[in-house]
Trainee: 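I have a structure here, written as structure tokens, and I will follow up with some questions on it.
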Amino acid sequence: MLLYLFKRHRVVEYPVDPTWSGTQSVAEKPVESALPSTITLSEIQRGRLTKITEDNWSKAAGGGGGGKDSGGERRFNPELVEEIYKTELLVKGGRKPVPLQRVMILEVTQYLENYLWPNLDPDAASFEHVISMILIVNEKFQENVAAWVCFYDRKDIFNGFLERVLRLKEGIELSIAKKTNYLVFMINAFQSLGDEVVSETVLRLASLQSWHSLSYGCLQMELRLNQELIKKWKRMIRREAKEATKRGELFDPSTKLEVKFLRNLIEEFLEVLDSTVFSQEQHVIEDNKIIDAYGLKQVDDACVLYCERFMEFLIDLLSQLPTRRYLRPLVADVAVVAKCHLSALYKHEKGKLFAQLVDLLQFNEKFEINDHVGTQLTDDEVLQSHYDRFQSFQLLAFKKIPKLRELALANIGAINKRADLSKKLSKLSPMDLRDWFATRFLKLISEEDPWSERVDFLIEVMVSFFEKQQSPKEAINALPLYPNEQIMWDESLLPSINYSGEEFKITEVKQPNIGEVKPSSVTADVTFSISSYKAQIRSEWNALKEHDVLLLLSIRPSFEPLSADEAAKASVPQRLGLQYVRGCEIIEVRDEEGTLMNDSTGRINRDEWKPPKGELRTVTVALDTAQYYMDVNNIAEKGADDIYGTFNILMRRKPKENNFKAILESIRDLMNEYCIVPDWLHNVFLGYGNPSAAQWTNMPDLLEMVDFKDTFLDADHLKDSFPDYQVCYCSFFINPDGSENLQPMPPFRIRLPKTQKGGSHALTGNKISGVDSADGVNMEDTLIVEAYTPPDPGPYPQDQPKQNSARFTPTQIGAIISGIQPGLTMVRTLIITHSNQALNDLFEKIMQRDVPARYLLRLGQGEQELATDLDFSRQGRVNAMLVRRLELLGEMERLARSLQLPEDVGYTSETAGYFWLLHVYSRWEQFLAACAENEDKPTFVKDRFPFKEFFSDTLHPIFMGESFEKDMRAAKGCFCHLKTTFQELEECRAFELLKSTADRENYLLTKQAKIVAMTCTHAALKRKAFLQLGFKYDNLLMEESAQILEIETFIPMLLQRQEDGYARLKCCILIGDHHQLPPVVKNMAFQKYSHMDQSLFTRFVRLGIPYIELNAQGRARPSIAKLYNWRYRDLGDLPYVKEDAVFHRANAGFSYEYQLVDVPDYQGRGESAPSPWFYQNEGEAEYVVSVYMYLRLLGYPANKISILTTYNGQKLLIRDVINRRCVPYDFIGPPSKVTTVDKFQGQQNDFILLSLVRTRFVGHLRDVRRLVVAMSRARLGLYVFCRRSLFEQCYELQPTFQLLLQRPDRLALNLNEITSYTEQHVEDTGPIHLVSGVEEMISIFNWRYQERYMSHQFDHYMTYSGQNDQQNSTTLFNAMDTDTPVQHESSMEEDTRIDGDVLPASHSNGEVDKEASKNDENDRQPKSSNSSEENMTE
């Protein structure tokens, strides 16, 4: 939609003329010349700017040169700033407002941080100084790096700088390029309202004072519509007049910056739009008619870019409530939208993007919201407002305008449309229109506006003001959910066509629902054959399942091939002959015999599944009803083609990218509902009111007494968790003999204060304060703690609950407290994650805790990847419940036998229930009554317990007969076991009554399961089904929430229907890390312009909502953690990473546990790009793989090593090298993972080999969040392969690379160690051997390989492989110089060639180290060549 404008955001290399020299200025070069190559690091280093940098502001150069004064300190030279601006930054023509490559060089050399900013005097700085800073800040925003950070050290000066920027245009006429750069800076500033140093100044421009610039009529109308502002307006007038009197000046608000700034900007834009984009030439044609020859003159591209940017600026102002509140009337007063609609650019071929932005501005201007309160207007309120406004207009027309008498008496429904209203108003003369609508009555525009002389403008303003606007709900309901051939095609992506369909036919079109015109459903059958495909492709088509999305294409290729010029100009649909595209959703898939395939509804039992038969497949699909209605109307009214009879191509998408329809459908459904989110979350999400309003301390019904169960390991752990509090022991800490129990044992209950306060920015979990007035106890530094003895759960080992063994930190305890207030005390919890892997990791941890398996349910496709023998899918849980039912009924029969009763009580769960009431519970009550009278008899319980025979099979005797109290506790434990057994049987009763698998699964989901886990994708796909089933839950826990889109975060909150008009959700817990990578949004327009890559988690952090930030890491060595802990607030280390022996031992064979390895050009080449954005670096690939092979020779397990890189191209290149170097040799094999940093987020491994790839420009690693992810994946060893000279000068990466560069930049090995185990301390480097480069690393591997394995240790490999393999193995790297890496075509294509199916049959990297990996110390011991492997699938 907006790609034309926002392709700029993807620019990370800038074109430069290969003949360019550093001394040539931009002004001397042709501005619009085609520049084929990209700027390189060497060009930066040898240019004139580099010499200037070294002499004047480079810290690395030490400041040598002529830039110093006599004291040795650098002098600031304003003339140098002016010279750099005029020779390097000034553009005198063309569309581009800046010379991108020159700005990039200056930004990389830290021109702003080290020269412009430290020497800025806002009052005395020159124009060139200020505009240079503007250009560098704009470049930082374009590169998506922190732009305002360097200004934090001098906030007062920065405010002065912004003031100077706002007044920069006073008395100066700027060129269109300068205006554009200035406008981009203002866009960036208003998009940074979350930054305090920026918002304080720029928000002044959006204050009530700006209303001084409104026309009289508009001001009066706004004040009448907002009565509460009248007093505020009068107070402001009095205050301003008083201040002017004190200064001895006349009160003239029009001279103030806050009043005139935005008005002047808008008028400047309108002047450019009206007179500069086109030259106003007139041509006389036949009949002496005069026309404007806009279409005959060349468009000024720079002016078009300026107009597009200005639309973006206004959209930003109206889409943010703090700026919209007072600036929307200003935009309406000037009638910006109407003037843009009537402009020549709006209708011109080159104004397509401008027209889209104008329409988006109109949408924002008319958005249905109360500007001053921020509440959404309901449909009824909007409609009533329209009727009131139109009724007032009709009344005025009836009284004052006789020519509009017909309009005044007409039905509103007949004239509120644009065409009808325009027709009525066109009857008025130009003089009447201006007199009545601008001068005398309505005063919708100022009579001083020169546009008020134009009839078309006056009518456009009137129609826009009084017509009935289409609501967003109406617009979205009318849109199809699937893309079609007109709106879907992205020229940068050519989808592959997978299959030719054989037959398509509509099978059913249902009648519309009441109040709608589109059909309620449209279904069709598509039949196709898979006979001609290979096994892999056939299996992919056979894997189609319910809810998958397919695309139906109609292609009519041209029989005349296009010429080269025609092909270059043609769009992708034109080149393909693509006529139509329609989407559909699969309902079911059947094979040739009509048997249902891939059923997920429970209609077919999993045990009855059979492979599909035949080659034909029939897919029943649901078509988009809105699109079908539009197509049928076009056929009936316009005689268009019958689209549904022309389809000849069936196309499928990758499953990972195929959930768009479910997301769009959910959005559409939610647009038609009210009360979407709970009230406590609504205002917080919109940024209204108190940011901590939804914090647990401010919620009602807080728990006063919290049972922490096994959270604390002992009393010392409890005290350590609240270091700022004194623990107050209650009577439960007194021993029976009256002495004080100084070491009470958990579990503990803690009485929390009634009044609790969290920190202003982050909850720490132990900053609880308040006063308990009822007890008179000062609670500010006291916690009342009770210890209690939990009831005996039963005599069998399986009755004993699993205990926590983690020693939580105080911050983690704070998180636990916030998590249980108040929501998690409810019964049903929904767990959501972004990926299947994260969900499985979390689910496996839950399974290890004291949660019965019958209450756990895992939904989605990743359930089979769980590392457990139990099946937690819906059908698996149903089967488990049925098996468990038989086991429990067998226990009932045994219990009946022990009581000498008939065994038929175990026939069903129902009969077992009667058995419980009549025979079991009654006996227990009688036993309790008897015990109450015989508490003085130690052997009474042992003698009279009614179920003693049933529990005779325990490992140890239950009753000792020595103490009544002890035996009574054991008896209650036995009864607890029986009670739990009967409760389980009662839960099984529904599965007896429900006969179909589907009904049983639905009952399990809606009633039985207490913890339901799924991915956000599954939640979106199944939302409608959840609503139909009546699925309910009280709590939502979302892991990886900083990686989930806002809409994908909202959908899991809305999987249940409202209760009495209110949302049921009680508690929402978001877990994530906003310092790491955000959600992936591939469309750059949506990512950069709409900021769609912001997660809800990040939004809450930016809004200042209190959060708990964990302050200790438990993954990596403390030394490795220093590479990224600077990014966090007070991030320390958990005790075990400081104490555990594995973190103290060195990495055998290496001198350092982490290191940066400088990789020069390999065979004369650094980075390469076989296709755009597909970066590879052969030298780094070979180096990384050779180090991996060295690790394997030392005996490091392959499953403990992962290779990461920052680009897909390098990932595929490394995999290709591994396929050739490692996979053929069983003692090496592939590593655990070869993937990108982005894909590896959320995962970890002991040893990480990281390739940064780039040698020309830093690229997207400048995003500090990606750097944090890259540095934080390793536990024991991290080795970074990159070009040192490039990355060490990057400003954003300095904290990490300064640490890395404190060590040698050549790989340091300890060649005295020949196994993976060492007793050497991590700080002891041992004898250091510095590797000169990849060639020497290869030699070291070959030497070590021949020395260790050729003589005696791997004779069995030689026997197996034979003489030929022996010869090959002795020269493992001989082919390196001749092998050419495969250069893949697309970075979007996933390579799975080493996913296990290509490993040789003799590959034995299997089970030995899987067992050993359970213990870190064992993993470091010398091993045989066997090691476990994980699939390489991402």
Side-chain angles (χ1 to χ4, degrees), residues 1-2 5-6 183-184 186-193 202-203 205-206 210-211 214 218 222 225-226 262-263 265-266 269-270 273 307-343 346 351-379 381-382 385-386 389 418 444 460-461 463-476 479 667 671 685-688 1046-1047 1085-1086 1088-1092 1094 1099:
M1 181 177 67
L2 303 174
L5 174 61
F6 298 103
L183 190 59
V184 171
M186 295 308 301
I187 291 173
N188 294 330
F190 276 101
Q191 287 185 352
S192 304
L193 295 182
V202 299
L203 280 180
L205 305 176
S210 63
W211 281 15
L214 295 178
C218 182
E222 290 297 328
L225 292 175
N226 302 279
L262 289 172
R263 183 90 182 199
L265 272 184
I266 294 175
F269 156 72
L270 292 174
L273 180 66
C307 292
E308 293 167 351
R309 281 302 202 183
F310 197 86
M311 286 295 100
E312 181 185 348
F313 175 60
L314 291 183
I315 290 168
D316 283 342
L317 293 180
L318 297 191
S319 61
Q320 301 179 88
L321 194 63
T323 52
R324 175 189 177 87
R325 182 173 288 120
Y326 297 118
L327 297 185
R328 186 199 55 78
L330 178 60
V331 175
D333 185 35
V334 186
V336 174
V337 172
K339 292 174 182 177
C340 289
H341 277 152
L342 297 173
S343 67
Y346 185 84
K352 288 183 178 180
L353 175 59
F354 174 74
Q356 290 179 346
L357 293 171
V358 171
D359 294 340
L360 187 56
L361 175 63
Q362 183 180 28
F363 171 81
N364 280 277
E365 183 183 345
K366 303 291 185 180
F367 195 78
E368 301 165 353
I369 190 173
N370 185 314
D371 294 341
H372 298 277
V373 181
T375 57
Q376 175 190 358
L377 301 179
T378 65
D379 291 345
E381 290 172 338
V382 173
S385 174
H386 165 70
R389 184 167 59 247
R418 170 173 285 268
L444 294 179
E460 175 68 22
V461 172
V463 171
S464 299
F465 188 77
F466 288 109
E467 72 172 329
K468 184 179 182 300
Q469 301 288 336
Q470 186 184 35
S471 69
K473 181 188 298 185
E474 294 170 339
I476 201 169
L479 290 175
I667 294 174
M671 287 288 291
F685 169 73
L686 295 177
Y688 300 165
E1046 280 190 329
I1047 182 60
F1086 291 143
K1088 298 292 184 181
Y1089 181 74
S1090 302
H1091 298 291
M1092 189 179 282
Q1094 176 180 266
R1099 172 194 281 266

Trainee: For the pair Arg418 and Glu460, find out whether any cationic side-chain nitrogen is under 4.0 Å from an anionic carboxylate oxygen.
Mentor: yes

Trainee: Just verifying a value: how many Å separate Glu365 CD and Leu318 CG, rounded to the nearest 0.5 Å?
Mentor: 7.0 Å

Trainee: I need the minimum non-hydrogen distance between Leu214 and Cys218, along with the two atoms involved.
Mentor: CD2-SG, 4.1 Å

Trainee: Of the non-hydrogen atoms in Val358 and Met311, which two are nearest, and what is the gap between them?
Mentor: CG2-SD, 3.6 Å

Trainee: What class does the angle between the rings of His372 and Trp211 fall in, given that below 30° is parallel, 30 to 60° is tilted and above 60° is perpendicular?
Mentor: perpendicular

Trainee: Before you tell me yes or no, could you show the steps for Leu342 and Tyr346 under side chain to side chain contact (heavy atoms under 4.5 Å, CB included), namely the whole-Å CA-CA distance, both residues' side-chain angles and the distance that decides it to 0.1 Å?
Mentor: CA-CA 7 Å; Leu342 297 173; Tyr346 185 84; over 6 Å; no

Trainee: Go through Ile1047 and Met1092 one step at a time and tell me if the side chain to side chain contact (heavy atoms under 4.5 Å, CB included) criterion holds.
Mentor: CA-CA 9 Å; Ile1047 182 60; Met1092 189 179 282; over 6 Å; no

Trainee: Is the backbone of Asn188 close enough, under 3.5 Å, to the side chain of Ser192 for a donor and an acceptor to pair up by distance?
Mentor: yes

Trainee: Are the side chains of Phe685 and Glu1046 in contact, using a 4.5 Å heavy-atom criterion?
Mentor: yes

Trainee: Check the pair His341 / Asp359 against side chain to side chain contact (heavy atoms under 4.5 Å, CB included), numbers first and verdict last.
Mentor: CA-CA 9 Å; His341 277 152; Asp359 294 340; 3.5 Å; yes

Trainee: Can you tell me how far the CG atom of Leu361 sits from the CG atom of Asp316, to the nearest 0.5 Å?
Mentor: 10.5 Å

Trainee: So do Leu353 and Gln356 actually touch side chain to side chain, heavy atoms under 4.5 Å?
Mentor: yes

Trainee: Just how far is it from atom CZ of Phe363 to atom CD of Gln470, taken to the nearest 0.5 Å?
Mentor: 10.5 Å

Trainee: Between Pro322 and Leu203, what is the shortest heavy-atom contact and its length?
Mentor: CB-CD2, 4.1 Å

Trainee: Is Asp333 reaching over with its side chain to a backbone N or O of Pro329, donor-acceptor style, under 3.5 angstrom?
Mentor: no

Trainee: Less than 4.5 Å apart, side chain to side chain, heavy atoms only: is that true for His1091 and Arg1099?
Mentor: no

Trainee: From Leu265 CG over to Arg263 CZ, what is the distance, rounded to the nearest 0.5 angstrom?
Mentor: 12.5 Å

Trainee: To the nearest 0.5 Å, how far apart are CD in Glu381 and OG1 in Thr375?
Mentor: 7.0 Å

Trainee: Taking all non-hydrogen atoms of both residues, which atom of Ala335 and which atom of Val461 are closest, and how far apart?
Mentor: CB-CG2, 4.1 Å

Trainee: Within a strict 4.5 Å, meaning less than it, do heavy atoms of the Phe354 and Cys340 side chains meet?
Mentor: yes

Trainee: If the test is side-chain contact (heavy atoms from CB on, under 4.5 Å), which one of Leu314, Leu205, Leu262, Asp371 qualifies with Leu327?
Mentor: Leu262

Trainee: Which pair of heavy atoms, one from Leu183 and one from Arg309, lies closest together, and at what distance?
Mentor: CD2-C, 3.6 Å

Trainee: Is the backbone N or O of Phe190 less than 3.5 Å from a side-chain atom of Gln320, with the two atoms forming a donor-acceptor pair by type?
Mentor: yes

Trainee: Within a strict 4.5 Å, meaning less than it, do heavy atoms of the Leu273 and Phe310 side chains meet?
Mentor: no

Trainee: Is the backbone N or O of Val382 less than 3.5 Å from a side-chain atom of Ser385, with the two atoms forming a donor-acceptor pair by type?
Mentor: no

Trainee: Using 4.0 Å as the upper bound for N to carboxylate O, is an ion pair formed by Glu467 and Lys366?
Mentor: no

Trainee: Run the side chain to side chain contact (heavy atoms under 4.5 Å, CB included) check on Phe367 and Arg328 step by step: do they pass?
Mentor: CA-CA 11 Å; Phe367 195 78; Arg328 186 199 55 78; over 6 Å; no

Trainee: From Leu357 CG over to Ile315 CD1, what is the distance, rounded to the nearest 0.5 angstrom?
Mentor: 5.0 Å

